[in-house]
Amino acid sequence: MGNQVEKLTHLNYKEVPTADPTGVDRDEGPRIGVSYIFSNDDDELEQQQDSVHDLGGEHPALQPYDPQLHEVECSVYYRDECIYQKSFSEEDTMPEEGDEGSGGHLSTYTPENLLNRCKPGDLVEFVCQAQYPHWVVYVGDFQVVHLHRLEVVNSFLTDASQGRRGRIANQLYRYKPLSPAVVVRNALEQVGCKDRDLSWRNSECFAAWCRYGKREFKIGGELRIGKQPYRLQIRLGDKRSHTLEFQSLEDLIMEKRRNDQIGRAAVIQELSSHLQAAEEEEEEEEDDHHHHHHPGARTAVE
């Protein structure tokens, strides 16, 4: 598998079929490898859904967006280092000044409110039920730069929001940020880049690359050589979690975003059958359970 993937990464991803050539059922075990490497920018799917206009717009109170209800709490590790965390529990979050309630920095605001809070170089994550999160880089003067429909564009923040609520996302990734001036310059220099010239799979990878400058956010920025140093730990509530392992940060972000798009309830439902099977295996084969667990996926009770 490793060699096959390595050979394919030298081809243009648009010329390669998106089907997984290994024929592995993607619903079993870790979602790694070829199926993600060549899939299209997942932000494209946002444009096909009209729900954003129903949820935002002039009547947001009709169906308020509750991050804790819809979003998946998770942590990302590179080896033993936590490099990303989304958690609504108070002990895991450090509220920013002016934020109230649990999950301080995960509070969401209307686009107009965000304009009063944003500083140049900030990352903003727009969120909406049943959609992929959309990330932008605030560059000042009410404007953002973002990857939208396979092109890096400069827009007004209110336009880029498409009526969605958003949060300042500076604290989600744990990497050391570049200076605000460099973040803004990184973003502005890419405006107009599109289609085959793009180096990022989605809006989150682009925005994070602008702020942290790490090549891991770029398409093919890491060699996939069989090791799986990245772990996505998904919290299931009641102190239980499920872990998936990935060869690259790019693959992991794709899965994390898929979870955000299908929503917390669906993710928990999807994993519950796996958890039940894993528990039964442990009971039946306590001494030998390592041989039965699918490599790359495991469940833990904290």
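If you're wondering where the values come from, they're calculated on a predicted model, not measured in any experiment. In what follows, every heavy atom counts, from backbone to side chain, and hydrogens, waters and symmetry copies are set aside.
- Side-chain heavy atoms closer than 4.5 Å link hydrophobic residues (I, L, V, M, F, W, Y) into clusters, and following such links, even through other members, never connects Leu157 to Val153.
- For the atom pair CG (Leu244) and CD (Gln233), the distance works out to 10.5 Å, reported to the nearest 0.5 Å.
- No side-chain donor-acceptor contact under 3.5 Å links Asn154 to the backbone of Val145.
- Side-chain contact, Glu216 with Tyr175: no donor N or O sits under 3.5 Å from an acceptor N or O.
- For Ala208, the side-chain contact (heavy atoms from CB on, under 4.5 Å) partners two or more places apart in sequence, or in a different chain, are Tyr173, Tyr212, Phe217.
- Of the possible polar contacts, none joining the Glu204 side chain to the Pro133 backbone as a donor-acceptor pair under 3.5 Å is found.
- Under the 4.5 Å side-chain heavy-atom criterion for ILVMFWY residues, a single connected hydrophobic cluster contains both Leu150 and Leu147.
- Residues Leu69 and Leu271 do not share a hydrophobic cluster, clusters being chains of Ile/Leu/Val/Met/Phe/Trp/Tyr side chains in contact below 4.5 Å.
- Here the side chains of Leu106 and Pro67 are not in contact, with every heavy-atom distance at 4.5 Å or above.
- Of the candidates Arg174, Glu73, Gln171, Gln85 forms a side chain to side chain donor-acceptor pair (under 3.5 Å) with just one, namely Arg174.
- Of the inter-residue distances, the one linking Cys205 atom SG with Met254 atom CE reads 8.0 Å to the nearest 0.5 angstrom.
- Crowding of Asp66 atom CG: a count of heavy atoms from other residues, nucleotides or ligands under 6.0 Å exceeding 12.
- The two residues Ser89 and Arg235 make their nearest non-hydrogen contact at OG-NH1, 3.6 Å.
- With contacts defined as side-chain heavy-atom distances shorter than 4.5 Å, the pair Gln131/Arg164 qualifies.
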For side-chain contact (heavy atoms from CB on, under 4.5 Å), just list the numbers for Leu115 and Tyr138, CA-CA rounded to whole Å, side-chain angles, deciding distance to a tenth of an Å, and then say yes or no.
-> CA-CA 9 Å; Leu115 283 173; Tyr138 185 72; 4.1 Å; yes
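- Under the 4.0 Å criterion applied to side-chain N and carboxylate O atoms, Lys227 and Glu222 are not assigned as salt-bridge partners.
- Arg201 places no side-chain N or O within 3.5 Å of a backbone atom of Ile219 that could act as its donor or acceptor partner.
- Arg257 forms no cation-pi arrangement with Tyr132, by the criterion of a distance under 6.0 Å to the ring centre and an angle within 45° of the ring axis.
- Defined by atom type and a distance below 3.5 Å, a donor-acceptor pair is present between the side-chain atoms of Tyr65 and Glu71.
- Between Tyr230 and Tyr78, the ring-plane angle classifies as tilted under the 30° and 60° cut-offs.
- Between the side chain of Arg165 and the backbone N or O of Val127 there is no donor-acceptor pair closer than 3.5 Å.
- Nearest approach of Val124 to Cys118, heavy atoms of both residues: CG2-SG, 3.6 Å.
- Tyr84 carries Lys256 over the face of its six-membered ring, with the cationic atom under 6.0 Å from the centre and within 45° of the normal.
- Here the closest heavy-atom approach between residue Glu125 and residue Ala169 is recorded as CB-CB, 4.0 Å.
- When all heavy atoms are compared, the tightest approach of Val72 to Ile234 is CG1-CG2, 3.6 Å.
- Note on Tyr77: it does not cluster hydrophobically with Leu249, by side-chain heavy-atom contacts below 4.5 Å among ILVMFWY residues.
- Rounding to the nearest 0.5 angstrom, the gap separating the CZ atom in Phe246 from the CD atom in Gln228 is 8.5 Å.
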Steps toward side-chain contact (heavy atoms from CB on, under 4.5 Å) verdict (Leu172, Leu123) | CA-CA 10 Å; Leu172 289 172; Leu123 302 188; over 6 Å; no
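- For Cys210 against Leu178, the heavy-atom pair with the smallest separation is O-CD1, 3.7 Å.
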Worked verdict on Glu112 versus Thr158 for side-chain contact (heavy atoms from CB on, under 4.5 Å) = CA-CA 7 Å; Glu112 293 72 24; Thr158 46; 4.0 Å; yes
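- Residues His146 and Ser155 approach most closely at NE2-OG, 2.8 Å, considering heavy atoms.
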Give the intermediate values and the outcome of side-chain contact (heavy atoms from CB on, under 4.5 Å) for residues Glu270 and His242.
-> CA-CA 11 Å; Glu270 195 177 79; His242 184 71; over 6 Å; no
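- Summarising the geometry, atom OG1 belonging to Thr108 is positioned 10.0 Å from atom CG belonging to Asn113; distances are rounded to the nearest 0.5 Å.
- When the shell of 6.0 Å around CG of Asn116 is examined, it contains more than 12 heavy atoms from other residues, nucleotides or ligands.
- We find the CZ-CZ distance between Arg117 and Arg167 to be 13.0 Å, quoted to the nearest 0.5 Å.
- The distance from atom CZ of Arg211 to atom CZ of Phe206, rounded to the nearest 0.5 Å, is 14.0 Å.
- Put simply, Leu188 and Val152 are part of the same group of oily side chains (I, L, V, M, F, W, Y) that touch within less than 4.5 Å, one to the next.
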